[in-house]
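For reference, the structure is listed below as structure tokens.
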Number of protein chains: 2
Amino acid sequence: MILPLNQIIEGDCIEVLSGFPEKTIDLIFADPPYNLQLQNELHRPNMTKVDAVDDYWDQFGSFQEYDEFTRKWLTACKRVLKPTGTIWVIGSYHNIFRVGTIMQDLGYWILNDVIWVKTNPMPNWLGVRFTNAHETLIWASIGKGAKYTFNHQAMKGLNDGKQMRSDWWLLSLATGAERVKDENGYKAHSTQKPEALLYRVILSSSNPGDIVLDPFFGSGTTGVVARRLHRHWIGI
Amino acid sequence: MILPLNQIIEGDCIEVLSGFPEKTIDLIFADPPYNLQLQNELHRPNMTKVDAVDDYWDQFGSFQEYDEFTRKWLTACKRVLKPTGTIWVIGSYHNIFRVGTIMQDLGYWILNDVIWVKTNPMPNWLGVRFTNAHETLIWASIGKGAKYTFNHQAMKGLNDGKQMRSDWWLLSLATGAERVKDENGYKAHSTQKPEALLYRVILSSSNPGDIVLDPFFGSGTTGVVARRLHRHWIGI
DNA sequence: TATAAAGGTGAATCCGCAC
DNA sequence: AGTGCGGATTCACCTTTAT
């Protein structure tokens with residue numbers, strides 16, 4: 001099979017990936033669903049809705065089901081990654097601990113956990129918790145001792161000449177022209193990630209000409225930024 | 001058994017806790033071993049050696065062994081917590097995902113994950129990763145729907161009158177007069193936490209007169225801050 | 001005494017090749 | 001796989017010493 005570059009493939013990511021040749025992808029950026037029940041809807045709930053739905057994990061069914069789903073797609077990703085490839089996964093406290101544990105269990109070697117600190121988060125209106133002002137990204141290679149790409153100098157250039165830290169201060173939402181809207185003017189994806197986030201992800205851990213895979217391709221930010229940075233991309 | 005307040009109990013925390021009466025603790029702050037799995041010595045560019053954490057208590061043979069240990073002490077903690085009690089656990093990417101997963105599996109209900117962003121972290125000398133500039137805290141109640149204490153106004157007071165966020169910008173370590181040292185002037189404990197961190201933890205989620213338990217009592221920061229805030233404390 | 005310069009150090013999964 | 005070595009690599013804060 002020849003990889004279909006720079007296009008979107010419709011379908012379940014686990015099935016689609018099973019048709020890919022192994023060891024061909026340089027970089028994966030994954031924004032998995034928090035909730036299996038809503039997985040097949042057009043959009044997933046944003047964090048506000050998740051917090052409001054206090055039956056979150058009940059809807060979900062069980063941790064076991066989510067873990068099984070997570071293990072499957074992470075396994076599929078590991079198969080298609082090059083030996084030098086790395087993967088980024090983003091999540092919140094609802095799911096990121098389970099994702100991280102499974103990644104370690106599957107042999108992924110965590111290189112960093114990066115905190116996306118939101119400069120303009122949604123307040124916690126009831127004042128019963130701390131304002132949820134961040135999301136967590138895990139960056140990992142396929143195993144201990146594996147080589148990987150890290151463009152240290154490029155990252156320094158984005159941080160006043162000092163080495164980039166694991167906390168990234170970025171706007172919380174894609175806004176304005178960056179925001180993808182449908183024909184009615186409504187936002188098409190409630191969990192759209194800002195381009196600045198993908199810019200750092202792709203620039204730091206891949207090189208021009210590399211293949212970037214997004215198994216949970218939402219609004220297409222990954223493709224937009226990959227193209228701008230002269231990387232090939234595949235969205236599922 | 002009458003709880004031994006405001007003192008340190010020597011011994012293994014799991015064993016000690018088994019002797020405690022159940023449902024008596026208001027707040028737990030736990031700083032468990034991180035399972036760093038450091039391989040080699042690390043040197044700065046000027047060839048001086050970094051004094052790393054290589055304490056015996058941080059040695060685990062496998063994830064499985066670490067998980068088992070974690071499940072045991074978290075279970076013991078859950079037994080002694082009041083129905084309105086909450087627990088804080090701090091860790092890094094080496095262990096926090098496993099801790100979070102096990103907490104969810106045991107029925108703890110995560111209220112927040114809080115990021116301690118360090119103002120002065122140790123750099124990544126070789127420039128092969130992002131500077132590890134934060135640690136993660138998980139704050140949880142004993143179960144879904146459980147009542148708990150959150151001093152919203154007090155937290156606003158520490159944040160210029162605005163809602164306290166889930167990212168805390170604090171100094172990276174206890175230094176100077178705050179750092180506990182032995183008679184030779186050497187650091188008494190390798191992982192002492194700053195008082196400002198414990199101040200926020202204890203102030204936010206307990207009330208004067210409450211009992212604060214630290215099952216991995218190291219240098220005693222928890223006791224110092226608890227006393228200052230007029231809480232009882234127990235260190236193991 | 002005040003200011004400046006120099007030195008020390010921190011929970012870190014920190015290289016890559018040849019032999 | 002274990003060892004040796006060439007070479008590229010650092011941030012913020014605190015303490016001590018020097019001017």
Side-chain angles (χ1 to χ4, degrees), chain A residues 84 86 100 103-104 107-114 138-153 155-156 159-167 204-205, chain B residues 30-63 66 89-99 115-137 169-181 185-194 196-197 216 218-219 221:
Chain A
T84 56
T86 57
M103 288 179 73
Q104 289 180 314
Y108 283 106
W109 191 250
I110 298 180
L111 299 168
N112 278 112
D113 60 333
V114 170
I138 298 176
W139 179 42
S141 67
I142 66 161
K144 180 180 175 182
K147 288 188 61 171
Y148 58 87
T149 295
F150 180 63
N151 295 314
H152 179 57
Q153 293 301 330
M155 286 297 100
K156 284 183 72 169
N159 194 37
D160 295 329
K162 291 175 296 188
Q163 66 178 207
M164 184 69 81
R165 301 162 40 113
S166 59
D167 55 304
S204 68
S205 49
Chain B
D31 181 16
Y34 286 10
N35 192 21
L36 286 186
Q37 303 177 259
L38 303 181
Q39 306 296 324
N40 302 306
E41 293 182 346
L42 180 62
H43 297 268
R44 300 184 180 82
N46 63 10
M47 294 311 290
T48 58
K49 191 180 149 199
V50 173
D51 186 13
V53 174
D54 56 358
D55 303 84
Y56 69 91
W57 45 257
D58 198 40
Q59 309 295 326
F60 293 88
S62 64
F63 284 137
Y66 186 80
V89 187
I90 185 169
S92 67
Y93 68 84
H94 308 83
N95 71 322
I96 198 66
F97 302 122
R98 315 199 76 83
V99 168
I115 305 300
W116 168 25
V117 182
K118 302 179 182 182
T119 58
N120 54 336
M122 191 169 87
N124 185 290
W125 308 113
L126 297 181
V128 293
R129 300 182 181 189
F130 298 98
T131 303
N132 209 335
H134 73 275
E135 291 187 29
T136 300
L137 297 100
W169 187 264
L170 298 172
L171 273 176
S172 104
L173 68 148
T175 55
E178 187 179 327
R179 183 93 201 191
V180 178
K181 298 186 177 176
Y186 196 73
K187 59 188 179 187
H189 195 267
S190 58
T191 67
Q192 182 174 353
K193 295 292 177 289
L197 184 75
F216 301 100
S219 52
T221 306

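Residue numbers begin at 1 in each chain, while the letters A, B, ... track the order of the sequences.
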Take atom NZ of K49(B) and atom P of dA12(C), then tell me their distance rounded to the nearest Å. 14 Å
Between dT9(D) atom P and N151(A) atom CG, what is the distance in whole Å? 13 Å
Can you tell me if H134(B) touches the phosphate of dA11(C), counting only side-chain N or O atoms and a distance under 4.0 Å to OP1 or OP2? no
Rounded to whole angstrom units, what separation is found between the CG atom of L137(B) and the P atom of dA11(C)? 14 Å
Checking only heavy atoms, does the side chain of R44(B) share a donor-acceptor pair with the base of dG10(C) at less than 3.5 Å? yes
C1' atom, dG7(D) versus dA11(C): distance in rounded Å? 28 Å
Run the side-chain contact (heavy atoms from CB on, under 4.5 Å) test against K147(A) and tell me which residues pass, sequence neighbours left out. T84(A)
Please classify the nucleic acid contact of S92(B) as base, sugar-phosphate, or nothing, using heavy-atom distances under 4.0 Å. nothing
Under 4.0 Å between any heavy atoms, over every strand shown, what does D160(A) touch: base, sugar-phosphate, or nothing? Just pick one. nothing
Applying side-chain hydrogen bond (donor to acceptor under 3.5 Å, both in side chains) to T131(B) and not counting sequence neighbours gives Q163(A)
Applying side-chain hydrogen bond (donor to acceptor under 3.5 Å, both in side chains), name anything that partners N95(B), two or more places apart in sequence or on another chain. Y66(B)
F130(B) CZ - dA12(C) C1' separation (whole Å): 16 Å
Between the protein and nucleotides 13-19 of chain C, which nitrogen or oxygen pairs are less than 3.5 angstrom apart?
from: dT13(C); atom 1: OP2; to: Y93(B); atom 2: OH; distance (Å): 2.1
from: dT13(C); atom 1: OP2; to: N132(B); atom 2: ND2; distance (Å): 2.8
from: dT13(C); atom 1: O5'; to: Y93(B); atom 2: OH; distance (Å): 3.3
from: dT13(C); atom 1: O5'; to: H94(B); atom 2: NE2; distance (Å): 3.4
from: dT13(C); atom 1: O4'; to: H94(B); atom 2: NE2; distance (Å): 3.1
from: dT13(C); atom 1: O2; to: W109(A); atom 2: NE1; distance (Å): 3.2
from: dT13(C); atom 1: O2; to: R129(B); atom 2: NH1; distance (Å): 3.1
from: dT13(C); atom 1: O2; to: R129(B); atom 2: NH2; distance (Å): 3.2
from: dT13(C); atom 1: N3; to: I110(A); atom 2: O; distance (Å): 3.1
from: dC14(C); atom 1: O2; to: N124(B); atom 2: OD1; distance (Å): 3.4
from: dC14(C); atom 1: O2; to: L126(B); atom 2: N; distance (Å): 2.8
from: dC14(C); atom 1: N3; to: W125(B); atom 2: N; distance (Å): 2.8
from: dC14(C); atom 1: N4; to: P123(B); atom 2: O; distance (Å): 2.8
from: dC14(C); atom 1: N4; to: W125(B); atom 2: N; distance (Å): 3.4
from: dC14(C); atom 1: N4; to: W125(B); atom 2: NE1; distance (Å): 3.4

Should W109(A) and I142(A) count as side-chain neighbours, where that means a heavy-atom distance under 4.5 Å? no
Using both pair distances under 3.5 Å as the test, note the stems of at least 3 consecutive Watson-Crick or G-U pairs that include DNA chain C. C:2-10 with D:11-19, C:15-19 with D:2-6
Taking NE2 from H43(B) and P from dG10(C), how many angstroms apart are they, rounded to a whole number? 15 Å
If I pick the C1' atom on dT13(C) and the same atom on dA12(D), what distance separates them, to the nearest angstrom? 23 Å
To the nearest angstrom, how far is Y34(B) atom OH from dG10(C) atom P? 16 Å
For residues 52-59 of chain B, dump all side-chain donor-acceptor pairs below 3.5 Å to protein atoms at least two apart in sequence or in another chain.
from: D55(B); atom 1: OD1; to: S190(B); atom 2: OG; distance (Å): 3.0
from: D58(B); atom 1: OD1; to: Y34(B); atom 2: N; distance (Å): 3.0
from: D58(B); atom 1: OD1; to: N35(B); atom 2: N; distance (Å): 2.6
from: D58(B); atom 1: OD2; to: L36(B); atom 2: N; distance (Å): 3.1
from: Q59(B); atom 1: NE2; to: D55(B); atom 2: O; distance (Å): 3.3

What's the base orientation of dT13(C): syn (chi within 90° of 0) or anti? syn
What pairs meet the salt bridge (charged side-chain N to carboxylate O under 4.0 Å, His left out) rule with one or both residues in residues 118-133 of chain B, with sequence neighbours excluded? K118(B)-E135(B)
To the nearest angstrom, how far is Q163(A) atom CD from dA8(D) atom P? 18 Å
Show every salt bridge (charged side-chain N to carboxylate O under 4.0 Å, His left out) that has at least one partner inside residues 38-47 of chain B, sequence neighbours left out. E41(B)-K49(B)
Distance between P atoms of dA12(C) and dA8(D) (Å, rounded): 26 Å
Send over the distance from F150(A) CZ to dT9(D) P, rounded to a whole Å. 12 Å
Is K156(A) touching bases, backbone alone, or none of the nucleic acid, heavy atoms closer than 4.0 Å? sugar-phosphate
Determine whether the aromatic ring centres of residues Y93(B) and W139(A) are separated by less than 6.0 angstrom. no
Mind checking the P distance from dG6(D) to dC14(C)? Whole angstroms is fine. 23 Å
With sequence neighbours left out, what residues match N40(B) under side-chain contact (heavy atoms from CB on, under 4.5 Å)? none
Ion pair present between D167(A) and R165(A), side-chain N to carboxylate O less than 4.0 angstrom? yes
